[in-house]
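Reading through the structure tokens given below for one structure.
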Amino acid sequence: MKKSNKVWQGLGLTMLAGMLLLAGCGNNENTYGSGSPSGASPSASPAGSVEEPAQALQEVTLVLDWTPNTNHTGLYAARDQGLWEKRGLKVEIIQPPETGSDAMVASDAAEFGVSAQEGMMLAREQGLPIVSIAAIIQHNTSGFASPAAKNIKEPKDFEGKTYGGWGSPAEQAVIQSLMNVQSADVNKVTFVNAGSADFFTAVKKDIDFEWIFYGWTGIEAELRKEPINMVYLSDYSKQLDYYTPLLTTNEKLIKDKPELVRAFVEGAAEGYQYAIDNPDAAAELLLKAVPELNADLVRASQKWLSPKYKDDASRWGEQKKEVWSGYGEWMTKNGLLKKELNYDAMFTTEFLPK
């Protein structure tokens with residue numbers, strides 16, 4: 001899995017148009033329901049009376065950021081083990097349109113989404129009222145990968161090499177930022193659009209390195225016995241250790257139905273905790289839900305990724321303002337953000353289990 005181009009594509013006028021187009025689709029008139037926020041049935045009726053029916057489940061939609069993979073395992077665990085259902089929710093998991101999840105979540109076409117900090121900040125800059133409610137992975141596991149034979153071990157080794165990407169200005173900014181740490185010259189890197197070719201195909205042609213998530217493509221390289229070198233963003237810049245991916249909702253849902261948001265986040269947290277504690281069983285849950293996935297890759301990826309969901313945080317889903325502001329400052333410095341943002345409005349930890 002390459003670093004997703006859905007993060008950066010379709011953000012300008014396309015996203016705003018999508019938000020307006022979808023705005024009429026999302027107003028779900030069902031309320032979360034009175035009574036127990038856990039969705040439990042009413043207490044037993046007195047003897048001789050007719051028992052009331054169980055409370056109906058609140059139906060909500062969760063839109064992913066990409067095709068299903070081990071970043072999403074905790075979500076499938078929450079759905080298929082009834083962790084949302086016991087909290088009164090019936091969650092439908094869908095795949096995203098080409099423009100990604102942010103426009104759908106902002107317009108109420110989906111109550112919840114999977115996104116990433118970089119795309120969310122651009123969306124907020126354009127006025128989309130989305131809010132991050134949990135970090136799925138605590139630290140950035142992405143970086144620049146290359147076949148070991150190309151001997152690219154650190155940013156200065158990018159000089160004289162060809163990078164295959166998707167044409168985003170962020171790519172050159174990130175590469176330049178890493179190379180600046182070692183006083184290397186980004187002008188000596190050739191940037192080409194790799195199109196739809198996967199990493200393993202691209203690097204056998206005219207491309208030397210690409211941006212990937214190690215937990216998927218890196219693990220696949222191990223299984224294929226094709227050694228790679230990784231230059232992780234977080235090894236060279238604290239500001240680039242941002243949250244990717246994360247869970248989102250919109251400001252209106254938080255204001256109007258906070259208990260629905262709480263039920264969703266608590267179910268997701270329990271699902272990810274299950275994946276942390278039981279990587280092998282969690283991998284099987286994902287494979288059962290999405291049987292077309294490569295079983296060996298899912299199992300190996302899950303074993304690598306499960307400890308990284310929570311990592312050094314006190315709880316799964318934790319977010320810190322310094323991570324949001326640090327990456328925002330980096331984006332502003334590199335010309336990717338034009339407006340000053342209110343970082344406190346972009347994320348919340350209030351729905352995470354205590």
Side-chain angles (χ1 to χ4, degrees), residues 1-4 62 64-84 86 91 93 95 112-117 132-143 145 199 212-224 228 230 232-235 241-248 264-320 323 349 351-354:
M1 181 173 61
K2 289 183 186 178
K3 179 72 177 170
S4 169
L62 164 64
L64 301 180
D65 57 335
W66 197 248
T67 53
N69 58 77
T70 48
N71 284 352
H72 310 133
T73 306
L75 304 173
Y76 285 96
R79 186 193 70 178
D80 296 343
Q81 291 194 307
L83 306 180
W84 279 319
K86 75 179 183 180
V91 179
I93 301 175
Q95 293 190 40
F112 302 99
V114 179
S115 186
Q117 187 176 337
S132 173
I133 48 180
I136 290 178
I137 301 174
Q138 193 59 214
H139 293 284
N140 190 348
T141 61
S142 74
F199 170 79
I212 71 166
F213 285 102
Y214 190 85
W216 194 256
T217 306
I219 297 300
E220 184 177 358
E222 291 182 14
L223 295 177
R224 294 166 67 127
I228 64 171
M230 283 291 293
Y232 288 102
L233 278 61
S234 57
D235 285 347
D241 189 14
Y242 53 84
Y243 298 123
T244 176
L246 40 75
L247 290 177
T248 64
F264 176 84
V265 174
E266 288 182 353
E270 190 173 350
Y272 277 101
Q273 190 61 51
Y274 178 84
I276 291 167
D277 296 336
N278 307 280
D280 293 338
E284 299 309 314
L285 275 177
L286 180 60
L287 287 168
K288 184 177 180 181
V290 194
E292 61 269 27
L293 292 175
N294 179 321
D296 290 338
L297 176 55
V298 167
R299 290 169 183 139
S301 172
Q302 195 64 62
K303 190 169 292 187
W304 185 87
L305 190 58
S306 278
K308 293 177 172 51
Y309 290 137
K310 179 180 173 182
D311 209 297
D312 55 357
S314 59
R315 56 183 174 174
W316 174 85
E318 193 65 79
Q319 300 178 81
K320 297 178 180 177
V323 176
T349 59
F351 301 108
L352 293 173
K354 303 302 182 186

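For Lys308, the NZ atom sits in a packed shell: over 12 heavy atoms of surrounding residues, nucleotides or ligands are nearer than 6.0 Å.
Taking CG from Asn294 and CG from Asn69, the interatomic distance works out to 12.5 Å, rounded to the nearest 0.5 Å. The CH2 atom of Trp216 lies 5.0 Å from the CG atom of Leu293; values are rounded to the nearest 0.5 Å. Here the OH atom belonging to Tyr243 is positioned 14.5 Å from the OG atom belonging to Ser115, to the nearest 0.5 angstrom. Rounding to the nearest 0.5 Å gives a distance of 7.5 Å between OG1 of Thr217 and CZ of Phe199. A distance of 10.0 Å separates OG1 of Thr141 from CG of Asp311, quoted to the nearest 0.5 Å.
For Asn140 against Ser234, the heavy-atom pair with the smallest separation is O-OG, 3.8 Å. Pairing each heavy atom of Ala134 with each of Trp316, the nearest pair is CB-CH2, 3.7 Å. Contact record, Ala295 with Leu287: CA-CD2, 3.6 Å, taken as the closest heavy-atom pair. When all heavy atoms of Ile219 and Ala300 are compared, the closest pair comes out as CG2-CB, 3.6 Å. Here the closest non-hydrogen pair linking Glu318 and Ala313 is CB-CB, 4.0 Å. Closest heavy-atom contact between Ala135 and Leu246: CA-CB, 4.1 Å.
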What verdict does the side chain to side chain contact (heavy atoms under 4.5 Å, CB included) test give for His72 and Asp65, after you've listed the backbone C-alpha separation in whole Å, the side-chain angles of each residue and the deciding distance to 0.1 Å? CA-CA 9 Å; His72 310 133; Asp65 57 335; 2.7 Å; yes

Test side chain to side chain contact (heavy atoms under 4.5 Å, CB included) on Ser142 and Ile212 and set out the steps. CA-CA 6 Å; Ser142 74; Ile212 71 166; over 6 Å; no

Stepwise, does the side chain to side chain contact (heavy atoms under 4.5 Å, CB included) test hold for Tyr232 with Asp241? CA-CA 9 Å; Tyr232 288 102; Asp241 189 14; over 6 Å; no

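Checked by atom type, the side-chain pair Gln302/Thr73 shows a donor-acceptor distance below 3.5 Å.
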Cut-off 3.5 Å, no hydrogens considered: what does the side-chain donor-acceptor table look like for residues 274-282, sequence neighbours left out?
from: Asp277; atom 1: OD1; to: Gln273; atom 2: NE2; distance (Å): 3.1
from: Asp277; atom 1: OD2; to: Gln273; atom 2: NE2; distance (Å): 3.3
from: Asn278; atom 1: ND2; to: Tyr274; atom 2: O; distance (Å): 3.1

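Between Val265 and Leu247 there is no side-chain heavy-atom pair separated by less than 4.5 Å. Put simply, the side chain of Trp84 reaches to within 4.5 Å of the side chain of Arg79, judged on heavy atoms. Considering only heavy atoms from C-beta on, Asn71 stays 4.5 Å or farther from Val114 through its side chain. Contact of the Ile137 side chain with the Leu305 side chain is registered, since non-hydrogen atoms from C-beta on lie closer than 4.5 Å. Taking 4.5 Å as the limit, some side-chain heavy atom of Thr349 sits within range of a side-chain heavy atom of Arg315. Between Ser132 and Gln319 there is a side-chain heavy-atom pair separated by less than 4.5 Å. Counting heavy atoms from C-beta outward, Gln138 and Asp312 have side chains that approach closer than 4.5 Å.
Put simply, the residue from Thr248, Val91, Ile133 that forms a side-chain contact (heavy atoms from CB on, under 4.5 Å) with Phe112 is Ile133.
Scored by the side-chain hydrogen bond (donor to acceptor under 3.5 Å, both in side chains) test, Ser301 finds Thr70 as partners (sequence neighbours excluded).
A salt bridge links Arg224 with Glu220: the closest approach of a Lys/Arg side-chain nitrogen to an acidic carboxylate oxygen falls below 4.0 angstrom. Between Glu284 and Arg299 there is a salt bridge, since a side-chain N of the basic residue sits under 4.0 Å from a carboxylate O of the acidic one.
Side chain of Gln117 to main chain of Val323: a donor-acceptor pair is present (N/O by atom type, distance under 3.5 Å, no hydrogens or angles).
Contacts classified as ring pair (Phe, Tyr, Trp, His ring centres under 6.0 Å) and involving residues 285-314 (residues at least two apart or in different chains) are given here: Tyr214-Trp304, Tyr272-Tyr309.
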